[in-house]
Amino acid sequence: MKTFQTRAALNEWLLRQKSINKIIGFVPTMGALHNGHLSLIRQAKKENDLVVCSIFVNPIQFNKPEDLKKYPRTLETDLEMLSEQACDAVFYPSEKEMYPEPEKVVYDFGMLDKVMEGRYRRGHFNGVAIVVKRLFDIVQPHRAYFGNKDFQQLQIIKAMVKMESLDVEIVPCPTVREPDGLAMSSRNVRLNREQRRDASLIHTALKMAKALYTTHEVLQVKQRVTEKINASPHLEVEYFEIVWADTLLPVIEKGARREMVVGCIAVCAGEIRLIDNMAFNL
Ligand code: PAF
C-alpha cells in the first residue's frame, strides 16, 4: 500500500496510474476507521482498478472546538486496517497541505444545509463541501464512496458535485451496524457503558417509526420515537424529522408525493452526538 502526505507525491503516482487507464475509486475519511469505512473500501475495490483512501480530520467542519479536539485519531491502526483490505493508496495530508491559505468559499445549498444537522451545526456542511471538493480536485477519482448513515451529507455532496460540474460518480453505500443495531461511527468509542447499551434504542426506535408511519400521522410517529429514546436517562433526542429524501424538507402530508421518505435522527449521549436514519417506503 502506497502512503502519501503531499499532493505532489500523490499526484505523481496518480498521473502514472491514469496514464495506463486505471479507474480510481476514492474513499474520503477522517480516520478512526471502523467496519463501516472498511465496507466502503471493499465496495470500491470491487468496482474500480485502484482504491485511494484519504484520512484528514477536517477542522473547518467542526463547529465546536472541543469536538475537534476529542475526535479520535488512530493513524497507525487505520493504516494497518487499510493495508489488510489491500487499499492501494492512502493520502493523509497535514492541515497546512490541505489549507495552504484559509478557504473563503461559501456554498449556497438552499434549504439542504439549513435543516437537521445544518440547524444544529452551523457551517458544518460548508466545511464538508469545501474539503470534499479539494480532495476531489487532488484525487480526481472516477467514483467516490460515502455511507448512507450521513444521509444529509450525501445529499450535500451530490449538490456540490452538480454545482461544480464535477465528473465523479457519487456512490451511496449501506449503513453498517453493530449486532444490536447501533450504526457504526467513529464517535461510538467515546460512549460509556450505559450510553453504549442504550444507544441501540436509536435503531429500535427507527424501526418502530417505519412500522408506525404506514398507519399513524407524522406528528404521532415523531412523538413516539422521542418518548422511546428519551425514556433512557443516558440519551436525549436532539431532533427526529421525517423528510422527503430529495429536498430534506419535512413531510407534512403523507402520500402527497411519491419520493422516498427518510426518518433522520440525532441523539445526544452526554456530549456525544449520534446520528442515524432509515428509509420508510422501501
Ligand atoms: O464523513 C466524513 O468522514 C467526513 O465528513 C468527510 C466526508 C470525510 C469529509 O471530511
Side-chain angles (χ1 to χ4, degrees), residues 4 7 10 24-41 43-44 51-65 67-75 77-79 81-82 87 89-95 97-99 103 105 107 109 112-113 116-118 120-139 141 143-161 163-164 166 168-176 183-190 264 266 272-277:
F4 302 99
R7 295 162 181 239
L10 173 66
I24 310 285
F26 178 44
V27 180
T29 79
M30 297 206 298
L33 301 183
H34 50 69
N35 245 320
H37 296 111
L38 301 185
S39 76
L40 304 181
I41 302 281
Q43 185 162 340
V51 175
V52 178
C53 175
S54 65
I55 298 177
F56 179 64
V57 182
N58 176 32
I60 66 165
Q61 73 184 73
F62 286 82
N63 56 332
K64 287 190 186 156
D67 201 20
L68 171 62
K69 214 159 95 191
K70 289 190 181 155
Y71 200 84
R73 288 160 173 87
T74 55
L75 184 64
T77 28
D78 290 348
L79 293 176
M81 287 162 98
L82 290 170
C87 178
V90 186
F91 178 50
Y92 56 102
S94 65
E95 208 177 310
E97 185 70 15
M98 277 306 284
Y99 297 114
E103 176 64 68
V105 177
Y107 283 100
F109 290 115
L112 277 189
D113 68 344
M116 300 192 290
E117 289 301 286
Y120 291 90
R121 302 177 73 191
R122 297 252 171 226
H124 166 67
F125 287 122
N126 202 57
V128 170
I130 287 170
V131 80
V132 172
K133 165 76 166 62
R134 285 200 171 201
L135 289 165
F136 283 178
D137 287 347
I138 296 168
V139 179
R143 299 190 184 91
Y145 294 77
F146 295 89
N148 251 325
K149 181 182 126 341
D150 297 303
F151 187 72
Q152 191 170 6
Q153 167 170 285
L154 194 55
Q155 304 306 83
I156 293 280
I157 289 167
K158 284 183 188 164
M160 181 278 286
V161 164
M163 266 179 206
E164 300 276 10
L166 302 181
V168 51
E169 182 190 342
I170 302 300
V171 185
C173 302
T175 303
V176 180
M184 288 197 183
S185 160
S186 305
R187 291 190 162 86
N188 292 354
V189 293
R190 293 178 54 204
C264 297
I272 305 147
R273 283 180 88 254
L274 302 170
I275 62 168
D276 201 350
N277 65 78

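Along the sequence shown, the residues carry numbers beginning at 1. In each ligand, atom 1 is the first atom listed, and ligand 1 is the first ligand listed.
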Exercise. Where does the angle between the aromatic ring planes of Y107 and F109 fall among parallel (under 30°), tilted (30 to 60°) and perpendicular (over 60°)?
Worked result: parallel
Exercise. How would you list, by chain and number, every residue that makes a side chain to side chain contact (heavy atoms under 4.5 Å, CB included) with P174, sequence neighbours excluded?
Worked result: Q43
Exercise. Below 4.0 angstrom, N of the basic side chain to O of the carboxylate: do D137 and R7 qualify?
Worked result: no
For this session: Give the C-alpha distance, both sets of side-chain angles, the deciding distance and a yes or no for salt bridge (Lys or Arg N to Asp or Glu O under 4.0 Å) between E117 and R273.
Result: CA-CA 10 Å; E117 289 301 286; R273 283 180 88 254; 2.8 Å; yes
Exercise. Is M98 close to E95 at the side-chain level, that is, under 4.5 Å between some pair of heavy atoms?
Worked result: no
For this session: Identify whether the distance between the nearest side-chain nitrogen and carboxylate oxygen of D67 and R190 falls below 4.0 Å.
Result: yes
Check each N or O atom of ligand 1 against all protein N or O atoms and list the pairs under 3.5 Å, with atom names and distances to 0.1 Å, one per line.
unit_1, atom_1, unit_2, atom_2, d
ligand 1, 1 (O), Q153, NE2, 2.8
ligand 1, 5 (O), Q61, NE2, 2.9
ligand 1, 5 (O), Q153, OE1, 2.7
ligand 1, 10 (O), Q61, OE1, 2.6

